[in-house]
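First the structure, in the form of structure tokens, and then the observations on it.
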Amino acid sequence: MTRRRRSLVINGLLVVVLLGAGVAGYLVFFGSSGSAQPTAARTAAAANRDVSEVVTASGTVQSSFSAAASFGASGTVIEVNVKVGDVVTKGQQLAKLDPTQAQLQVDIAQGNLNAALDKGTGTTALLTAYRQAQLALQQAKDTLASTVLTAPGDGTITSVTGAVGQKVGSSNNSSSTTSTTTTTTTASGFVVVTDLKNLVLHANVSESDVSLLKADQAATVTVNAMQAQPVQAKVTQVDLTPTTANNVVQYGVTLTLTEPPAGLRPGQSASVEITVAGATGVLAVPAAAVQTVNGASSVAVLENGAETRKTVEVGVRGDQYVEIKSGLSAGEEVVLPQVTTSTNQNRTGQQQGGQFPGTGGGNRSGGGFTGTGR
């Protein structure tokens, strides 16, 4: 055989080998078809564990008591006795108006009453005049008392809007209290007193979860600004009427914080997990393994390499695990949902990315149960 002929034969063999390698590589990377390729069955053993069902919500830290105190009389401010940050007790003087005019009205009313007494109360007209003088004196005394602004409750001064020399008008109520256990309205007045010790969390839960809530249920609150310090709490109130925003119906729930950490302030946002049901040391399987149709629950069990479906009675349903009351024994392997990958989707993504297969040109999606699945 001539040297030229041997060269042609060798080149032909190389072409065949390269073509075969190319076809094999294509099948390896792209698959022989675009259908989904199932992975091997994943299972998890039924075992005893603690199971909790929780309702999650977001909310805001609030004070259980906030009151806006305003003068009940008109006049000029001559004293402001507190500043923001001062701790006060109920009845403590906060500010004062010039009492000159109010005291004059008291003196006049007292003189009128004395004159009425001198005239006697022997007739209906005299008795009426006497009673009117009594009423006028009491009103004058109330106005004089209203020139002194006092704290409506124990707490910390969080706002002072007035100053010495300011002229103020009378208010129908000397103070108005805002209980933030049911509202997020911010109190406003000449002085605002807020209880910063007894803090609560006001959260909103969906209409589908509100029926699961009741007083004294335990909860864990995580303040966004203090995520390393979870706070224990309990449900103290569930609103009977909802709020609706953007066609979303929610119900307010108030939780008392057991031991608020130092530095916690009203207005901080937080998330909460409320435990609505729980079971300790019960047989349980991953929630993903349980199928419920028309109220009947079942699981697929792997026995000798074959799947068998068993009807089970479930108890507490947690996000990760479900309690099994009957129909299953500890150690039995329940089958978790299959996770499939589509070679067609991978090929499309890779071709669009213009990269060699396997180098990450496409978006790969995966999944699975994050627990005891094997």
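Heavy-atom basis, side chains included; hydrogens, waters and symmetry copies ignored. All figures in this text were calculated on a predicted structure; none of them were measured in a lab.
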Is there a side-chain contact between R49 and Q320 in this structure, where contact means two heavy atoms from C-beta onward sitting under 4.5 Å apart?
no
To which residues is L240 joined in a hydrophobic cluster, defined by side-chain heavy-atom contacts under 4.5 Å among Ile, Leu, Val, Met, Phe, Trp and Tyr, whether direct or through other members?
none
Can you sort out the partners of K325 under salt bridge (charged side-chain N to carboxylate O under 4.0 Å, His left out), two or more places apart, ordered by chain and number?
none
Out of curiosity, T147 OG1 to E79 CD, how far, rounded to the nearest 0.5 Å?
10.0 Å
I'd like a table of donor-acceptor pairs (distance under 3.5 Å, sequence neighbours excluded) in which one partner is a side-chain atom from residues 218-236, with atom names and distances.
| unit_1 | atom_1 | unit_2 | atom_2 | d |
| --- | --- | --- | --- | --- |
| N224 | ND2 | S269 | OG | 2.8 |
| T236 | OG1 | T254 | O | 3.0 |

Do T56 and S271 come within less than 4.5 Å of each other through their side chains, counting heavy atoms only?
no
Does V164 belong to the same Ile/Leu/Val/Met/Phe/Trp/Tyr cluster as F71, with side-chain heavy atoms less than 4.5 Å apart forming each link?
yes
Quick one, I157 and V193 - any side-chain contact, counting heavy atoms below 4.5 Å?
yes
Min side-chain heavy-atom separation S64-T256 under 4.5 Å:
no
Side-chain contact, heavy-atom cut-off 4.5 Å: Y251 with L213?
no
Give a yes or no on this: more than 12 heavy atoms of other residues, nucleotides or ligands lie within 6.0 Å of atom CZ of R309.
yes
Test question: given the 4.5 Å side-chain rule for I, L, V, M, F, W and Y, name all other residues clustered with L113, or answer none.
V106, L117, Y130, L137, L144
Measuring only between side-chain heavy atoms, which start at C-beta, is Q166 closer than 4.5 Å to V168?
yes
P286 and A44 have their tightest heavy-atom pair at CG-CB, 3.7 Å
Co-members of the apolar cluster containing L283 [side chain, <4.5 Å]:
V285, V290, V299, V301, V312, V314, V322, I324, L328, V334
Is it true that L201 and L199 fall in one hydrophobic cluster, defined by side-chain heavy atoms closer than 4.5 Å?
yes
When you compare the side chain of L97 with that of V77, does any pair of heavy atoms fall below 4.5 Å?
yes
Transitive ILVMFWY cluster of V293, excluding itself - 4.5 Å side-chain cut-off
none
